[in-house]
Amino acid sequence: MSLTEKAWPLISEKWGFDVDKPHFRSESVRHDFGLAEISLKLEGLQSFTRFLPENLLQSSSVLASDPLFRDTINLQSDGVLVLKDKDGGSILYAVEYEISKKSPDRYLKKLGGYYLAGGIDGVLYVCGNQEIADAVARADRQARTGNESIVFLAGESGVLKSETKIIFKGVDGGGIGLC
């Protein structure tokens, strides 16, 4: 299942920026539907400004040239969440939706890229189960080499059940509550 080229003109005008390399196909329908459900929860946050999914990030030269999004595009983040902070500024989180466990090397490579990236305030991992969350946490401890962790974890079911606040746990304790 995918968007067709016939439907593209109906939605492309709504973005407010040029989408000059549209991606119509899905590599994983289950993943894309799950991410869409999560993005709807994120859109319900009071501090919500914008959510850009990977297909849209990969489809726009305008976004690719924007320093705010360049690194998340290169790292092929599943999405980018932009929130308003208390002072009227922006907070930018890369979003990763993990429903199947990957190899440790794959997590290390991606997390290493996030630690080298600029402009990202954190990485929100929404995990399908605890085994995946544990694998991400282990990789984060290796990838950050002494830096403070920028990775925050939440279970998929917890995110989808949340009403007004979504809690993400820090890898080494603490965490953030998005509202």
Is the backbone N or O of [Y] less than 3.5 Å from a side-chain atom of [X], with the two atoms forming a donor-acceptor pair by type?
X	Y	result
D85	I91	no
S77	V95	no
D87	G89	no
K41	L160	yes
R141	V171	yes
K161	V159	no
K110	L75	yes
Y125	F168	no
D121	Y93	no

What are the two closest non-hydrogen atoms of [X] and [Y], and how far apart are they?
X	Y	value
A143	G112	CB-N, 3.9 Å
A135	Y107	CB-CE1, 3.9 Å
A137	L153	CB-CD1, 4.2 Å
Q46	K84	O-NZ, 3.7 Å
E148	Y115	O-CE2, 3.6 Å
A139	L108	O-CD2, 3.4 Å

Find the distance between [atom1] ([X]) and [atom2] ([Y]) and round it off to the nearest 0.5 Å.
X	Y	atom1	atom2	answer
E131	S100	CD	OG	11.0 Å
R106	E98	CZ	CD	7.5 Å
R144	D172	CZ	CG	4.0 Å
L57	N74	CG	CG	11.0 Å
I166	I38	CD1	CD1	9.0 Å
T72	I120	OG1	CD1	6.0 Å

Contact check, side chains of [X] and [Y], non-hydrogen atoms, under 4.5 Å:
X	Y	value
I73	D66	no
Y114	D71	no
N55	P53	no
F51	L35	yes
I132	E156	no

_Counting only heavy atoms from other residues, nucleotides and ligands, does the tally under 6.0 Å from NZ of K109 exceed 12?_
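Result for NZ/K109: open.
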*Is there a donor-acceptor contact under 3.5 Å linking the side chains of S149 and D140?*
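Distance-only check passes for S149 and D140.
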Does [X] belong to the same Ile/Leu/Val/Met/Phe/Trp/Tyr cluster as [Y], with side-chain heavy atoms less than 4.5 Å apart forming each link?
X	Y	answer
I167	V151	no
I99	V126	yes
V82	L68	yes
V123	L116	no

*side-chain contact (heavy atoms from CB on, under 4.5 Å) between F48 and L178: does it pass, once the steps are laid out?*
CA-CA 9 Å; F48 179 83; L178 306 179; over 6 Å; no
*asked:* Can you tell me how the ring of H31 sits relative to the ring of Y97, calling it parallel under 30°, perpendicular over 60° and tilted otherwise?
replied: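 Because their plane-to-plane angle lies in the 30° to 60° range, the rings of H31 and Y97 count as tilted.
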